[in-house]
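One is the number of the first residue; the rest follow in order along the sequence.
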Amino acid sequence: MSLTEWIDEIFGSFDALLAVMLAAAIFSGLYIYSASRLLGARKDSLARIRQTLSIYTRLVGPLSTVINQPSRTAVPEDLLIRLLQECKAADHLSHELRQQIDTFLQDHDESRLTRLHRQLNREIDSLVQERDRLVERLEKPGWGMGLWLLLKPAIPALALAAVILWTALFYRDLQQSASWVDPVIWSLWLSSIVATISFYRLLMDSKRRSHGVIYTFLHLLIVAVTLVNLVWSEAAPYVLTTQLLICLAGFRVNMTRKRRERPYVGHTELLEQFAQPVEEPISEPGSIEADVTSSPLRSK
């Protein structure tokens, strides 16, 4: 069998062969581009974690000295304030830690340093775990993770192919008479597009673990509802409506206030809520001078 006969038997014509080769070239290009972008995103995330850990570790030493050895070592106050200001420039600075730093910089209340130190250590431990996980993925991934990292760059190309397929089927259905005003045809196409986008976001989002189980469940529910169209295409308007309601429910879930955004003990919201005017006793000059001298923070 000659090459021409083999092409005619498999592809039907040279035009079909060129179309297959063009699709393979587009797929390869998207795969290489996605793989480079994903690798760059992982390295960028690792660099941000290392930058934050570098800033945090410069602060945790003097802060531990102030808390654990107040009588033996004096830490200059301007040094501690400068390190706290540097923390506000960290890429992974949490909302709660920023609030505690701002509160201390406003009133210089040394009783807040212990709580700030605990929060700082918690964030350091969390970032160290995240850094170790990223390094393991980059340098020595397991069998399952290695297979996933190999397949993940193909997801954008597959999503694009799915959108093209839904659009082609939509165009074929529109060729029939009176299809332009048929809500089932439009709903079927829109429902398929919504499901494809939702599944794409679920697979490509590297932070879905931090979003929680509800985030994953809503995306899977949007995709699962679309399966009804395979057995009952006339239900497409109801499927599309259900998908839109699930999307609105996702916005509602995101409006829930996270634990780290709620007022903690010593937060300014609680201080303003429960603050009551208290008459301060008149202190003797000698006692004031003794309090200033015994402070673990001393300016140069």
Side-chain angles (χ1 to χ4, degrees), residues 10-42 44 147-211 214-254:
I10 296 179
F11 299 100
S13 64
F14 279 100
D15 293 337
L17 175 62
L18 291 176
V20 171
M21 294 178 63
L22 180 61
I26 294 175
F27 177 84
S28 301
L30 288 175
Y31 182 89
I32 295 173
Y33 176 75
S34 299
S36 61
R37 287 293 301 272
L38 289 173
L39 180 60
R42 295 188 194 102
D44 185 57
L147 183 61
W148 169 243
L149 294 178
L150 181 65
L151 297 177
K152 189 175 182 179
I155 294 176
L158 295 177
L160 177 62
V163 171
I164 294 175
L165 176 62
W166 307 141
T167 306
L169 295 176
F170 173 68
Y171 178 77
R172 184 200 62 184
D173 294 336
L174 288 181
Q175 300 301 312
Q176 302 176 4
S177 59
S179 295
W180 285 98
V181 294
D182 189 356
V184 174
I185 302 298
W186 288 92
S187 299
L188 189 62
W189 176 68
L190 290 175
S191 176
S192 302
I193 295 297
V194 170
T196 303
I197 295 175
S198 180
F199 198 56
Y200 171 81
R201 285 197 58 191
L202 176 63
L203 295 179
M204 295 299 293
D205 191 357
S206 59
K207 297 182 179 180
R208 59 181 178 272
R209 288 185 178 181
S210 61
H211 296 319
I214 298 180
Y215 176 85
T216 303
F217 174 75
L218 290 178
H219 279 291
L220 290 177
L221 188 59
I222 291 175
V223 178
V225 170
T226 315
L227 299 178
V228 178
N229 294 330
L230 299 178
V231 295
W232 188 21
S233 60
E234 288 77 10
Y238 305 100
V239 171
L240 179 61
T241 303
T242 304
Q243 289 175 325
L244 295 179
L245 291 176
I246 295 174
C247 291
L248 294 177
F251 285 109
R252 178 62 181 173
V253 170
N254 289 336

Side-chain donor/acceptor of S36 to backbone N/O of Y33, under 3.5 Å: yes

Inter- and intrachain pairs under ring pair (Phe, Tyr, Trp, His ring centres under 6.0 Å), touching residues 149-176, at least two apart: F170-W186, F170-W189

Distance (rounded to the nearest 0.5 Å) between L245 CG and I222 CD1: 10.5 Å

Residues in side chain to side chain donor-acceptor pair (under 3.5 Å) contact with R42, at least two apart in sequence or another chain: none

S34 and I155, any side-chain heavy atoms less than 4.5 Å apart: no

Residues I246, F217; criterion side-chain contact (heavy atoms from CB on, under 4.5 Å); working and verdict: CA-CA 10 Å; I246 295 174; F217 174 75; over 6 Å; no

Least distance between heavy atoms, S192 atom then L188 atom: OG-O, 2.9 Å

Counterpart residues, side chain to side chain donor-acceptor pair (under 3.5 Å), relative to S198 (two or more places apart): H219

Shortest non-hydrogen separation from V239 to T226 and the atoms involved: CG1-CA, 4.0 Å

Set of side-chain contact (heavy atoms from CB on, under 4.5 Å) partners for F27, sequence neighbours left out: A154, A157, L158

Atom of V184, atom of S233 and distance for their closest heavy-atom approach: CG1-O, 3.3 Å

Listed partners of L160 passing side-chain contact (heavy atoms from CB on, under 4.5 Å), at least two apart: L30, I164

Sequence-distant partners of L165, side-chain contact (heavy atoms from CB on, under 4.5 Å), two or more places apart: L169

Worked verdict on S191 versus N229 for side-chain hydrogen bond (donor to acceptor under 3.5 Å, both in side chains): CA-CA 9 Å; S191 176; N229 294 330; 3.2 Å; yes

Result of checking L240, L244, I185 against L190 for side-chain contact (heavy atoms from CB on, under 4.5 Å): L240

Residue pair P183 / P237: nearest heavy atoms and the distance that separates them: O-CG, 4.3 Å

Gap separating the OG1 atom of T241 from the CD atom of Q243, nearest 0.5 angstrom: 9.0 Å

